[in-house]
There are 2 protein chains.
Amino acid sequence: MVLNTAIRRTQTVAAQLDGILRERIRDGQYAPGQRLPSEAELTAEFGVSRATVRTVLTRLTAEGLLLRKQGDGTYVNKNIRDATTHIGGLWEFQRVIESCGFQASLRLVDLHQRMANLAEQEELGLLEERTVISLERVFLANERPVVLAENILLSELFHRNIDEKLATLPLRNLLHDLCSEDIAYAMISIHAHLLTASEAKHFDGYRQVGDALLRIDQTFYNARHEPLAVGSSVVDDQYLQLRMVQAW
Amino acid sequence: MVLNTAIRRTQTVAAQLDGILRERIRDGQYAPGQRLPSEAELTAEFGVSRATVRTVLTRLTAEGLLLRKQGDGTYVNKNIRDATTHIGGLWEFQRVIESCGFQASLRLVDLHQRMANLAEQEELGLLEERTVISLERVFLANERPVVLAENILLSELFHRNIDEKLATLPLRNLLHDLCSEDIAYAMISIHAHLLTASEAKHFDGYRQVGDALLRIDQTFYNARHEPLAVGSSVVDDQYLQLRMVQAW
DNA sequence: AAGTGGTCTAGACCACAGG
DNA sequence: CTGTGGTCTAGACCACTTT
């Protein structure tokens, strides 16, 4: 089997192989604890070089899906089953919810323009007051609210008005589609947080004022180190387990 | 400049290059926002292949230290300055404390053997009751308590008695030196946590009963998927900032 | 001894950004 | 157009584990 022959080159060879191996792991063709074919065998099966095989295996190993033992072989991580997010994807809640096995949905709470407060000016690297768009949303898992997220975006990034339909997009897509800006990296900090009354309202009674939840603060940058947006998200860590695998 | 010529091969070429580049970034020889030499130039300077240069640059990029732009160049991340931990090292508190710029120290709270409770049996994959070693320690940053950590280890792993001197070792070293066991990966979950009275005592008055802190639960496995130890750590997230960079 | 993953090299072609 | 990083190949040698 050779990847991408004569067909269209829509993905890289490594990306295709990555997808195939993940699928085999998910399907149980490579079962938890089982040994994978050796690099040489994968090289032969897919008709790619060993270097390509290794870049893929290295990535899957870093995510904790695989375990490699020199002189022995590559094994599927037995304990991956209940890991809901690999360390890293901590700010794509829609994904986190889905990989927890829930149905993800989104509820718009508020969308308006206002002046940035001091903390936001600081985070966004503003020297003066500017108007920002405040986008407040609730992420639901199986119809139950699990994340209350407020994102602050610079108004001037938007050439056209943002309508409510677009408020259902993940932040990455929103910035990409409406602002032609791509997130290059994010700074993230995690804190414990006591739920306030106004926040508690959005949790439909599942969580109360004074409950301890997680708060994840994020600042998103483009490749020119310019801050694009900030986010502050309150996460119900009881229901939406943030379990992660960390290799080595 | 060629790495490891005629000298001893104590580290891999990539590891040496990794160290050198990190040092240059730390020293400001490669200043924040500045462009690094191209891959070709680094290849020439260090006398290594481009593939080796790239494995190192890829790792530094993944940690958020560098930013790479196709067709342009490789840049030092401007916002790395206040990132205290790259996502990943979330369970080596000594390191986290030091990379926050604090002096790290350790205080032994308790060390005793007892029977594992049900939750611990579950986590350690035990089918019956076993004795475990409970190791409770406080990590201090500049003499101020910031982490209260309890580790549970299987008694049977220890061939000789664990003395108090060894209780000052990081868990990884402790397992390696005393049990000849190496941690291959860990499952981690993060929760918000309300401080109990008995826990609050160890924070020297800096935090009170009922304060909301972070709790990081960990299970450590060896390469054979056998659980080696569990840990439950309460972290003062106000003082010990868990700021992380996440690339792309 | 044989087979595995770990490291490294040399060279090729491509996609993209800048002058 | 030139130089940059992105992808991929083919092949070599090493370190380790298993038999």
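Order of the sequence lines fixes the chain letters, A, B, ..., with proteins taken first and strands second; residue numbering starts at 1 for each chain. These values consider heavy atoms only, across backbone and side chains, with no hydrogens, waters or symmetry-generated copies.
A close approach under 4.0 Å does not occur between any side-chain nitrogen or oxygen of A/Arg68 and OP1 or OP2 of C/dT4. Put simply, A/Arg54 has no side-chain N or O that comes within less than 4.0 Å of OP1 or OP2 on C/dG5. Contact annotation: B/Thr12 does not reach the phosphate of C/dG6 (side-chain N/O to OP1 or OP2, under 4.0 Å).
Scored by the side chain to side chain donor-acceptor pair (under 3.5 Å) test, A/Glu226 finds A/Asn222, A/Arg224 as partners (sequence neighbours excluded). With sequence neighbours excluded, the residues forming a ring pair (Phe, Tyr, Trp, His ring centres under 6.0 Å) with A/Phe102 are A/Tyr239, listed by chain and number. In this view, B/Arg59 and B/Asp18 satisfy the side chain to side chain donor-acceptor pair (under 3.5 Å) rule, not counting sequence neighbours. When the side chain to side chain donor-acceptor pair (under 3.5 Å) test is applied to A/Asn173, no partner is found at least two apart in sequence or on another chain. Residues that satisfy the side chain to side chain donor-acceptor pair (under 3.5 Å) test with B/Arg54, not counting sequence neighbours, are B/Glu39.
Within the nucleic acid shown, B/Thr55 has no heavy atom closer than 4.0 Å to any nucleic acid atom.
Rounded to whole Å, atom C1' of C/dA2 lies 14 Å from atom CD of A/Glu41. The distance from atom CD of B/Gln16 to atom P of C/dT7 is 13 Å, rounded to the nearest whole Å. Atom CG of A/Asp18 is separated from atom C1' of D/dT7 by 15 Å (rounded to the nearest Å). The nearest whole Å value for the distance from the CG atom in A/Leu17 to the C1' atom in D/dT7 is 14 Å. Atom P of nucleotide D/dG3 and atom OH of B/Tyr75 are separated by 16 Å, given to the nearest angstrom. What separates CD of A/Glu39 from P of D/dC16 is a distance of 16 Å, to the nearest Å.
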(request) Do nucleotides 9-19 of chain C as a string where each nucleotide becomes B, S or -: B if the base has a protein heavy atom under 4.0 Å, S if just the sugar-phosphate does, - if no protein is that close. (result) B--B--BBBS-
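Taking the six-membered ring where tryptophan is involved, the planes of B/His225 and B/Tyr185 are perpendicular, since the angle between them exceeds 60° and thus also 30°.
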